[in-house]
Amino acid sequence: MNFNITARDSASKARAGVLTTDHGTIQTPIFMPVGTAGSVKAVHIREIKEDVKAQIILGNTYHLYLRPGLDILKKAGGLHKFNGWNRPILTDSGGYQVYSLAGSRKIKEEGVVFQSHIDGSRHHFTPEGVMDIERAIGADIMMAFDECTPYPCEYQYAKKSMEMTHRWLQRCVDRVNTTDPLYGYQQSLFPIVQGSVYKDLRKISAETIASHGCDGNAIGGLSVGEPAEMMYEMTELVCGILPDDKPRYLMGVGTPANILEGIALGIDMFDCVMPTRNGRNGMLFTKNGIINIKNEKWNDNFDPIEVNGASFVDREYSKAYLRHLFRAGEILGPMIASQHNLAFYLWLVGEARQQIIDGTFYEWKNRAVKQLMQRL
RNA sequence: GGGGGGAUACCAGAGCGGUCAAAUGGGGCAGACUGUAAAUCUGUUGGCGAAGCCUUCGGAGGUUCGAAUCCUCCUCCCCCCA
C-alpha cells in the first residue's frame with residue numbers, strides 16, 4: 001500500500017492524496033459506503049461502481065463471520081469474488097459491535113465473547129482470530145480489533161479500555177506479521193485510536209498507534225453521541241500526532257458537515273451508515289440541504305429529486321414520485337434514496353478534493369457546511 | 001310479507017350507566033437515525049388555551065344526579081325465512 005499527498009490546503013489541514021492498493025487506487029479524501037453483510041444495503045454493485053462512483057467499500061468481520069461464514073468466503077475466493085466488487089474493501093473488525101451489541105457480549109483480556117444476534121450461539125473473538133477472519137474475507141484494509149467505548153464513558157473505564165485496545169493491537173500486529181494473505185494480494189492493518197473524549201488519553205493513544213508505523217491509522221470511539229465540537233476537538237488533537245504521510249480514517253463519520261470539518265482537520269477517509277440507513281428511512285442529503293421526502297410538502301412536487309444531482313436517479317425520478325414510493329412502502333423508494341445519498345456523499349468528497357487542489361477549500365467548506373445541513 | 005342484527009373519531013373496530021375525548025389496528029402528520037440486530041424505532045392524530053374548558057359516539061325526544069351505553073319514535077344498512 002502506498003499513499004501520496006498531491007495537494008494541501010493552506011488555510012486548513014486538508015489534503016488531497018492517492019492511496020494505492022492491489023485492487024486499485026483511491027482518491028482522497030474519500031467516503032466509503034458501508035456494506036456490512038457483504039452488501040451495500042438496497043444498492044446494486046453496478047450502481048455502486050458506475051453511478052455512485054464509490055472507490056472502496058466496507059465489510060464487517062462480525063457479520064460476515066456469522067453469515068455466510070468463513071468456509072463460504074474461502075470457497076468463493078474472498079469477499080471481492082463473492083459480492084462482485086473488484087475494487088478495494090476495508091473490513092471493520094467487530095470493534096463497533098462490542099459497542100452496538102453491548103447487551104450480548106462479554107469483554108475479557110483475551111477477547112470478546114459474543115452471543116450471536118442471529119441464533120444466540122457463543123463466539124470468541126480474539127485479536128488473533130479477528131485477523132484470521134479478515135484474512136479470510138480478503139480485505140485490502142483490515143481494521144485492528146478494538147473496543148469502541150460508549151458516550152458518556154467514565155475516565156477510568158476509558159483508560160482501561162484504551163490500554164486493552166493497545167495490547168490487542170500488538171497482538172493484531174503480531175498475527176498479521178506471522179501470517180500470509182490467502183488470495184495473493186497485499187492486506188494492510190490499520191490500528192485505531194481510542195480514549196473517549198479525554199485529551200490526555202487521546203494523546204497517549206495516538207502516540208501508541210503512531211509508533212506501530214502502519215500503512216494507515218484510524219480514529220475510533222467518536223460519533224457515538226458526543227457533541228460535534230467534542231468530536232472535532234479530539235480529531236484535531238489526534239491528527240496532530242498521527243503521521244502526516246499516512247492516511248487518516250475517521251470511523252463512522254458522519255453528516256455532510258462532519259465530513260467537511262473532518263477533512264479540514266486532516267482526515268482522508270470516512271465511512272458512515274447515514275446515507276444508506278437514513279436514505280432507507282426517507283432522508284435525502286442534497287447540495288441545498290436535507291429533505292425528508294415523506295413530508296407532505298413534497299406531495300405534488302414534480303421537480304427532479306435534485307437538479308444537477310450526482311446520480312441518474314436524481315434526474316429520472318421526481319420528489320412527488322419518490323414520496324409516493326415511500327408512502328406506499330415500495331422497495332424502490334429506499335433503493336432510490338440510498339443510491340441518491342451515496343452518490344451525493346461521493347460527490348461531496350470529490351468536490352472537497354477538487355477545492356483542495358484549487359486552493360479554495362476552506363472558504364468553500366465554511367459556506368457548504370451551513371447550506372448542506374439546512375432543512376428543506 | 002315475517003323474523004333478527006346493526007349504525008362509534010379519516011377507515012375498520014372495542015366499549016354497553018359514572019374511572020370515556022372514547023381501547024386496538026390501519027391510514028394521516030411529524031420526529032429520530034453517525035466503524036448497520038434498522039425497508040427500523042418514537043411521538044401525535046375533535047377544538048382552543050398551561051392546569052383546564054368546550055363540541056362529539058346515525059337523527060329527534062325521554063329516563064337519570066349522570067347516557068356512546070337504558071326507553072320511544074324516525075332514517076339508513078345487513079342477514080335469515082317466505
Side-chain angles (χ1 to χ4, degrees), chain A residues 31-43 56-64 66-67 90-105 114-120 130 134 139 141-151 165 190-194 218-228 230-232 235 249-259 261-262 267 269-283 285 290 292-299 323 325-338 341 345 373 375:
Chain A
F31 177 79
M32 309 180 282
V34 179
T36 305
S39 135
V40 178
K41 293 186 192 297
V43 187
I56 170 173
I57 65 174
L58 262 66
N60 182 278
T61 300
Y62 170 84
H63 289 281
L64 290 169
L66 286 181
R67 198 165 50 193
L90 178 152
T91 42
D92 185 32
S93 59
Y96 186 75
Q97 279 62 46
V98 176
Y99 157 79
S100 67
L101 301 176
S104 49
R105 55 63 173 165
F114 282 103
Q115 193 158 9
S116 163
H117 67 284
I118 300 167
D119 64 4
V130 166
E134 294 190 83
I141 298 173
M142 306 185 292
M143 299 310 299
F145 192 43
D146 68 332
E147 180 190 2
C148 176
T149 50
Y151 179 85
T165 287
F190 278 28
I192 304 170
V193 174
Q194 288 293 340
I219 305 171
L222 293 176
S223 65
V224 288
E226 78 284 0
M230 220 172 243
M231 174 170 81
Y232 299 148
T235 301
Y249 165 28
L250 182 55
M251 305 182 78
V253 173
T255 65
N258 292 160
I259 287 174
E261 297 296 356
I267 299 294
M269 304 162 71
F270 301 87
D271 79 284
C272 192
V273 304
M274 197 171 273
T276 44
R277 179 189 287 168
N278 289 34
R280 288 197 303 283
N281 294 323
M283 181 184 282
F285 297 95
I290 296 170
N292 183 343
I293 200 64
K294 292 191 276 194
N295 284 176
E296 190 171 27
K297 66 173 94 168
W298 309 115
N299 200 38
R323 167 170 149 89
L325 292 177
F326 268 96
R327 294 195 336 137
E330 286 291 331
I331 188 74
L332 184 58
M335 290 171 67
I336 290 170
S338 298
N341 280 346
Y345 265 62
M373 298 311 289
R375 303 287 173 139

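We name chains A, B, ... by the order of the sequence lines, and we start the count at 1 in each one.
B:G17 and B:C10 have their C1' atoms separated by 29 Å, given to the nearest Å. Spacing between B:G58 and B:A50 at atom P, rounded to whole Å, works out to 32 Å. Nucleotides B:G18 and B:U69 have their P atoms positioned 11 Å apart, rounded to a whole Å. For the P atoms, the distance from B:G52 to B:C41 is 34 Å, rounded to whole Å. Between the C1' atoms of B:A23 and B:C16, the separation comes to 14 Å (whole Å). Taking atom P in both B:C53 and B:U19, the straight-line distance is 14 Å, to the nearest Å. Comparing the C1' positions of B:A9 and B:G25 gives a spacing of 14 Å, expressed to the nearest Å. When the P atom is used for both B:A60 and B:U55, the distance is 15 Å, rounded to whole Å.
Nucleic acid contact for A:Q97: sugar-phosphate only, since backbone atoms but no base atoms lie under 4.0 Å from a heavy atom of the residue. Contacts of A:E226 with the nucleic acid, taken as non-hydrogen atoms under 4.0 Å apart, are absent. Among the atoms of the strands shown, none is found under 4.0 Å from any heavy atom of A:S116. In this structure, A:G329 reaches neither bases nor backbone, as no heavy-atom distance under 4.0 Å exists between it and the strands shown. As judged by a 4.0 angstrom heavy-atom cut-off over every strand, A:D271 is placed among residues touching the sugar-phosphate backbone only. Backbone-only engagement by A:L58 is indicated by non-hydrogen atom pairs under 4.0 Å involving sugar-phosphate atoms exclusively. Nucleic acid contact for A:R105: none, since no nucleic acid atom lies under 4.0 Å from a heavy atom of the residue.
Here the C1' atom of nucleotide B:A37 and the NE2 atom of A:H117 are 5 Å apart, to the nearest Å. If you take CD1 of A:I331 and P of B:A38, they are 14 Å apart, rounded to a whole angstrom. Rounding to whole angstrom units, CZ of residue A:F31 and P of B:U34 are separated by 13 Å. What separates CZ of A:F326 from C1' of B:C33 is a distance of 13 Å, to the nearest Å. When rounded to the nearest whole Å, the span between CH2 of A:W298 and C1' of B:A30 equals 15 Å. Atom OH of A:Y62 is separated from atom C1' of B:U36 by 12 Å (rounded to the nearest Å). For the pair A:F114 CZ and B:U36 P, the computed distance is 11 Å after rounding to whole Å. Atom CE in A:M283 sits about 14 Å away from atom C1' in B:U40, given to the nearest Å.
Taking each heavy atom of A:G220 and A:M251 in turn, the nearest pair found is CA-SD, 4.3 Å. Counting all heavy atoms, side chain and backbone alike, A:A139 lies closest to A:T91 at CB-OG1, 3.0 Å.
Atom CG of A:L90 and atom CG of A:L58 lie 4.5 Å apart (nearest 0.5 Å). Rounded to the nearest 0.5 angstrom, A:F285 CZ and A:M373 CE are separated by 6.5 Å. Distance CG/A:N299 to CZ/A:R327: 6.0 Å, rounded to 0.5 Å.
Just one residue in the list A:F270, A:Y249, A:Y345 forms a ring pair (Phe, Tyr, Trp, His ring centres under 6.0 Å) with A:F31, and that residue is A:Y345.
Picking from B:A37, B:C33, B:G31 the nucleotide with the shortest atom distance to the side chain of A:N295 gives B:G31. When the nucleotides B:C29, B:A37, B:G35 are ranked by their closest atom to the side chain of A:L101, B:A37 comes out on top. For A:Y249, the listed nucleotide lying nearest its side chain is B:G35; candidates were B:G35, B:A37, B:U40. Listed candidates were B:U40, B:A37, B:A30. Nearest to the side chain of A:N281 is B:U40. When each of B:U34, B:A37, B:G35 is scored by its nearest atom to the side-chain atoms of A:N258, the top-ranked nucleotide is B:U34. Considering only the side chain of A:R280, B:A38 comes nearest among B:A38, B:A37, B:U34. Closest to the side chain of A:R375, from the set B:G35, B:A32, B:A37, is B:A32. Picking from B:G28, B:G31, B:G35 the nucleotide with the shortest atom distance to the side chain of A:N292 gives B:G31. Distances from the side chain of A:R327 to the nucleotides B:C29, B:A32, B:U36 place B:C29 closest.
Residue A:T36 places at least one side-chain N or O under 4.0 Å from the OP1 or OP2 atom of B:U36. Under 4.0 angstrom from either OP1 or OP2 of B:U40 there lies no side-chain N or O belonging to A:R277. For B:U36, neither phosphate oxygen OP1 nor OP2 lies less than 4.0 angstrom from any side-chain nitrogen or oxygen of A:T276.
Between the side chains of A:Y62 and A:D92, no donor N or O sits under 3.5 Å from an acceptor N or O. Side-chain contact, A:Y232 with A:N258: a donor N or O sits under 3.5 Å from an acceptor N or O.
Pairing for B:C33 is absent, judged as Watson-Crick or G-U wobble with the two contacts each under 3.5 Å. In this entry B:A39 has no Watson-Crick or G-U wobble partner, no candidate having both defining distances under 3.5 Å. Of all nucleotides present, only B:C71 satisfies the Watson-Crick or G-U wobble test against B:G61, with each distance under 3.5 Å. Across all strands shown, B:G6 is found opposite B:C76 as a Watson-Crick or G-U wobble partner, with both distances under 3.5 Å. Across all strands shown, the partner of B:G27 is B:U45, judged by Watson-Crick or G-U wobble contacts whose two distances both fall under 3.5 Å.
Judged by closest nucleotide on RNA chain B, A:E296 is the one of A:E296 and A:T149 placed further toward the 5' end. Judged by closest nucleotide on RNA chain B, A:M143 is the one of A:P334 and A:M143 placed further toward the 5' end.
A:E134 places no side-chain N or O within 3.5 Å of a backbone atom of A:T61 that could act as its donor or acceptor partner.
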